[in-house]
Amino acid sequence: MLPRIIAIDGPAASGKSTLGLRLAERLGYLFFDTGVMYRAVTWAALERGIPISDEAAVVALAESVQIDVRPPSQADGRTSDVLVDGQDVTWQVRSSEVDAHVSPVSAYPGVRRALTLQQRRIGLRGNVVMVGRDIGTVVLPEADLKIYLDASPEERARRRYREMIQRGEKAEFDKILAGVRKRDEIDSGRAVAPLRPAEDAVIINSECMSAEEVLSLVESLCRRWEATE
Ligand code: DC
């Protein structure tokens with residue numbers, strides 16, 4: 001039997017989503033990128049004029065807003081549809097404004113509680129590749145296979161820069177690098193569910209690896225898991 005629950009964690013732009021999506025496709029599993037849920041709450045707060053610094057209001061929003069993550073309905077490069085109260089916000093949640101505010105939102109314990117519950121319910125159904133920061137440590141500590149994907153801030157900023165240029169967006173490398181560093185600091189330094197590898201995670205440094213190499217390494221870990229079960 002293959003691992004039924006696969007957790008992939010790691011810092012911003014470490015290649016988690018690319019790996020998770022391809023692995024889920026190969027295995028016929030559900031791909032669930034939990035970062036979009038934090039992004040959806042952040043987008044909704046900005047849209048409704050709720051100050052990001054107002055913790056109680058942001059938590060109340062996270063508890064009441066209806067977030068749906070579904071298989072992609074359009075072939076425009078999206079890996080899933082993200083809906084907030086029925087509105088398709090798949091691309092809005094990727095804006096630089098959301099990028100700039102999502103880390104403080106995801107550091108609020110009440111926000112994490114609300115979203116973790118939903119993520120856990122979906123993950124426990126199995127046949128899932130779940131991607132985030134705390135999947136192996138908090139959301140699904142019982143995951144069969146845990147991967148922690150890492151790379152230096154410079155390499156991750158280079159990847160993000162190339163992606164943005166490819167999409168035809170304006171990009172400034174120094175700003176992207178500063179943003180990556182800032183998010184690392186908040187994601188790793190927060191009190192609740194900070195970014196760190198689970199004790200039983202396999203740590204992969206993807207610095208000098210292509211996406212294909214990372215995928216085949218993880219596929220071989222799945223086969224090895226299968227052989228030992
Ligand atoms: O992976 P991403 O860049 O889409 O994540 C957006 C933010 O959400 C990032 O600041 C970290 C946070 N996040 C989290 O705290 N826990 C998760 N399981 C997923 C994302």
Side-chain angles (χ1 to χ4, degrees), residues 5-21 30-46 52 55 58-59 61-62 65 67 69 77-82 84 89-124 128-141 143 146-151 153 156-157 159-161 163-164 176-198 201 206:
I5 302 178
I6 301 174
I8 304 177
D9 291 301
S14 57
K16 304 180 299 285
S17 300
T18 306
L19 168 65
L21 182 66
L30 172 74
F31 168 66
F32 196 96
D33 177 1
T34 57
V36 300
M37 296 188 83
Y38 293 95
R39 289 174 175 275
V41 172
T42 307
W43 176 83
L46 293 168
I52 298 297
E55 180 170 352
V58 175
V59 171
L61 176 68
V65 78
I67 304 168
V69 182
R78 62 182 63 195
T79 56
S80 55
D81 283 4
V82 183
V84 170
V89 295
T90 306
W91 292 115
Q92 286 90 322
V93 301
R94 297 277 160 206
S95 72
S96 51
E97 222 199 332
V98 169
D99 265 351
H101 293 99
V102 66
S103 279
V105 167
S106 67
Y108 291 145
V111 170
R112 303 204 70 82
R113 217 173 4 244
L115 301 189
T116 296
L117 267 175
Q118 299 185 40
Q119 292 161 10
R120 194 167 157 71
R121 210 177 43 232
I122 293 165
L124 286 177
V128 66
V129 178
M130 196 169 274
V131 170
R133 301 291 191 289
D134 60 341
I135 309 304
T137 50
V138 176
V139 178
L140 294 166
K146 300 179 186 178
I147 306 291
Y148 187 89
L149 198 57
D150 210 352
R156 289 183 281 125
R159 292 177 189 168
R160 208 22 74 91
Y161 175 83
E163 277 168 23
M164 290 175 75
I176 296 173
L177 179 58
V180 163
R181 287 213 165 104
K182 178 98 195 134
R183 282 172 61 196
D184 280 2
E185 202 183 299
I186 303 179
D187 294 345
S188 314
R190 69 180 173 224
V192 182
L195 171 67
R196 63 173 175 82
S206 70

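Owing to the predicted nature of the structure, the values given are computational and were not obtained by experimental measurement. Numbering of ligands and ligand atoms starts at 1, following listing order.
Listed by chain and number, the residues in a salt bridge (Lys or Arg N to Asp or Glu O under 4.0 Å) with Arg113 amount to none (sequence neighbours excluded). Every residue two or more places apart in sequence or in another chain was checked for a salt bridge (Lys or Arg N to Asp or Glu O under 4.0 Å) with Asp150, and none qualifies.
Of the protein's heavy atoms, Arg133 NH2, 3.5 Å lies nearest to atom 9 (C) of ligand 1. The single protein non-hydrogen atom nearest to atom 18 (N) of ligand 1 is Asp134 OD1, 2.8 Å, given as residue, atom name and distance. For atom 8 (O) of ligand 1, the nearest protein heavy atom (residue, atom name, distance) is Tyr38 CB, 3.6 Å. When hydrogens are left out, the protein atom nearest atom 12 (C) of ligand 1 is Ser106 OG, 3.6 Å; that is the closest non-hydrogen contact. If you check which protein heavy atom lies closest to atom 3 (O) of ligand 1, you get Arg183 NH2, 2.5 Å.
Contact annotation: for Met37 versus ligand 1, there are no heavy atoms closer than 4.0 Å. Within the 4.0 Å heavy-atom criterion, both parts of Ser103, backbone and side chain, lie near ligand 1. Contact annotation: for Arg190 versus ligand 1, heavy atoms closer than 4.0 Å belong to the side chain alone.
Using a 4.0 angstrom heavy-atom cutoff, Gln119 does not count as in contact with ligand 1.
For ligand 1, the atoms closer than 4.0 angstrom to any heavy atom of Thr34 are 17 (C), 18 (N), 19 (C).
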